[in-house]
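What follows is a set of notes on a single structure, which appears directly below.
Only heavy atoms go into these numbers, but all of them, side chains included; no hydrogens, no water, no symmetry mates. Throughout, a chain's letter reflects where its sequence line sits, starting with A, and its residues are numbered from 1.
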2 protein chains.
Amino acid sequence: MNEQPVRKTLPQLDESLLKHLPPFSKLDRRQIRAVLDQATSRRYEAGRTIFDEGAEAGRFFMLLDGYVRVVRVTPTGEQVTALHIPAGQLLGIARALGRDTYPATAITAAESIVLSWPMLLWDSFVADYDGFASETYKTVGNRVGEMNDRIIEMATQQVEQRVANALLRLINQTGRKVADGIEIDFPITRQDLSELTGTTLHTASRLLSAWEKQGLVESHRKRIKVLNPHALVVLSQGH
Amino acid sequence: MNEQPVRKTLPQLDESLLKHLPPFSKLDRRQIRAVLDQATSRRYEAGRTIFDEGAEAGRFFMLLDGYVRVVRVTPTGEQVTALHIPAGQLLGIARALGRDTYPATAITAAESIVLSWPMLLWDSFVADYDGFASETYKTVGNRVGEMNDRIIEMATQQVEQRVANALLRLINQTGRKVADGIEIDFPITRQDLSELTGTTLHTASRLLSAWEKQGLVESHRKRIKVLNPHALVVLSQGH
DNA sequence: GCGCTTCTTTGTCCCAGCGCAACGTTGCGG
DNA sequence: CCGCAACGTTGCGCTGGGACAAAGAAGCGC
């Protein structure tokens, strides 16, 4: 793990920000203050580890801004991205899974702002804040759903379909509308895409090139813009 | 879904049975009575559907005996087994995932005895029974862990390793020690194995044949006995 | 016992996609 | 402006394992 998060005051954190975070969206002013007062805020550059698989789950986190990849490392050292987590979500919520170690490693995929609280506060948050528990269930439920989908994909779909699906998921989660399409608004390499889809960098690169020739996407290093999402959907369903 | 479960008295259900079920293991006699009184018991033959993906999650279930496959069906009609659930576990606990429909279909893989309760009771169980909530978190956590593992497997491992892994998981969950090895004590076809590992019936069959020739396993239709688990472990790690 | 169905085995063919390898491209720091 | 590192592209050959096919084995009902 990296250096310990530094406790800071949170002048730059607009309280209204928390209102957009589902677990806390219904809190009143005083409660928001209480949540923020107990939080530690930290900025991570891209590529830094927030917590490591297997480490004692001492804190839980909320991603205020940026993107996080949840990865697991195989015995042979390969990385596989299990999930992408967009801003506004909780992570490292081992407690909601009845665990006391983190089940995977979280790595920032872009510069990110992360709040964290001691895991000790988990239970009191659940008790004190209405809807906190049910929102975390939903978070867990969504992630289970996503993982489920990925298992299905991996089991039944061809590489091309999987990559198309991954792209679609990414633009759904983090797409930003631009003039002529939807852009994924965080840096993503071919390598990342291949880890997400369980293929190789080479194949992912080939596919993107092919799609670019067909005018489906446009991409420059670490940037991917989808021009024709519908065609991707068609691809993802199998020709 | 099948016919509605039939409400029955539970003469044949030894109360002590419930003590082996984690979520209720710490209850006293009166509480166990209360839990049982509110349960519906039902026997399912192998291959029957307990609940369907997408259906309203009206009940939650506990598998007293038998074996259940949690499957998802792809748009093209293929079945993929997402999880195997052994006796003693809860299933259909959509509520713990903040959902009100079942996220997958549950099908019995062997004759099974299933208790169920109206989902309405979920909240009161959580409130009334100490440890119920935390045990369900653990159940969810374990399943998330398993799914995670399967994603890693599918992304990084060869078919042979995946099948070996699947077998190992099965003997861990439901292995029964016999004279010269460990037998999986419910009927499993090559087809099942292939669905679990995202390969084809044919390949699974070939692999088992090869292993049988090497003396690693012994199998007769729907029965698989592992003679040399260690060799399988070696295989599963990739030569 | 006889036929039917379900499950399993085995062989042959063939191609998607991985491994390898070499070469472009972009951006950054000095 | 240059060199280097990170990122991306492309060609080629090889092979794991999927598709197809056909036939054996076990169980089941009549």
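Between the A:Arg190 side chain and the A:Ala204 main chain, no donor and acceptor come within less than 3.5 Å of each other. Although no hydrogens or angles enter the test, the distance criterion places a donor-acceptor pair under 3.5 Å between the side chain of A:Thr108 and the main chain of A:Glu45. Checked by atom type and distance alone, the side chain of A:Arg150 pairs as donor or acceptor with a backbone atom of A:Ala82 at under 3.5 Å. Between the A:Asp52 side chain and the A:Ala55 main chain, no donor and acceptor come within less than 3.5 Å of each other.
Interatomic distance, CG of B:Leu83 versus CZ of B:Arg72, reported as 11.0 Å (0.5 Å rounding). To the nearest 0.5 angstrom, A:Thr197 atom OG1 is 12.5 Å from A:Gln161 atom CD. Considering CG of B:Leu63 and CG of B:Asp65, their distance stands at 7.0 Å, rounded to 0.5 Å.
A:Ile182 and A:Gly175 get closest at one heavy-atom pair: CG2-CA, 3.6 Å. Across A:Glu218 and A:Glu212, no two heavy atoms sit closer than the pair CA-OE2, 3.7 Å.
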Practice task
Let me have a per-nucleotide readout for nucleotides 22-30 of chain C, 5' to 3', with B, S or -, counting only protein heavy atoms under 4.0 Å.
Solution key: ---BBS---
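Rounded to 10 degrees, the angle separating the terminal axes of the helix from C:dG1-D:dC30 to C:dG30-D:dC1 is 40°, with each axis obtained from five end pairs.
Below 30°, between 30° and 60°, or above 60°: for B:Tyr102 and B:Phe61 the angle between ring planes is between 30° and 60°, a tilted geometry.
Residue B:Thr199 is classed as a sugar-phosphate contact, given heavy-atom separations below 4.0 Å to backbone atoms only.
Remark: P of C:dC18 and CG of A:Leu201 are 11 Å apart, rounded to the nearest angstrom. With rounding to whole Å, A:Gln157 atom CD is found 15 Å from C:dA16 atom C1'. The distance from atom CD of B:Gln191 to atom P of D:dG18 is 13 Å, rounded to the nearest whole Å. Atom CD of A:Gln158 and atom P of D:dG16 are 18 Å apart (whole Å). Rounded to an integer number of Å, the gap from B:Lys222 NZ to C:dT5 P is 16 Å. Rounded to an integer number of Å, the gap from CD of B:Glu160 to P of D:dG17 is 8 Å. One interatomic measurement links the two molecules: CD of A:Gln161 to C1' of C:dA16, which rounds to 12 Å at whole-angstrom precision. Going from atom CZ of B:Arg162 over to atom P of D:dG16 covers 14 Å, rounded to whole Å.
Listed pair A:Thr203 / C:dG17 fails the phosphate criterion, with no side-chain N or O lying under 4.0 Å from OP1 or OP2.
Of the residues in residues 205-216 of chain B, those placing a heavy atom less than 4.0 Å from an atom of DNA chain C are B:Ser205, B:Arg206, B:Ser209, in numerical order.
Between B:Tyr67 and B:His84, the distance separating the two ring centers is shorter than 6.0 angstrom.
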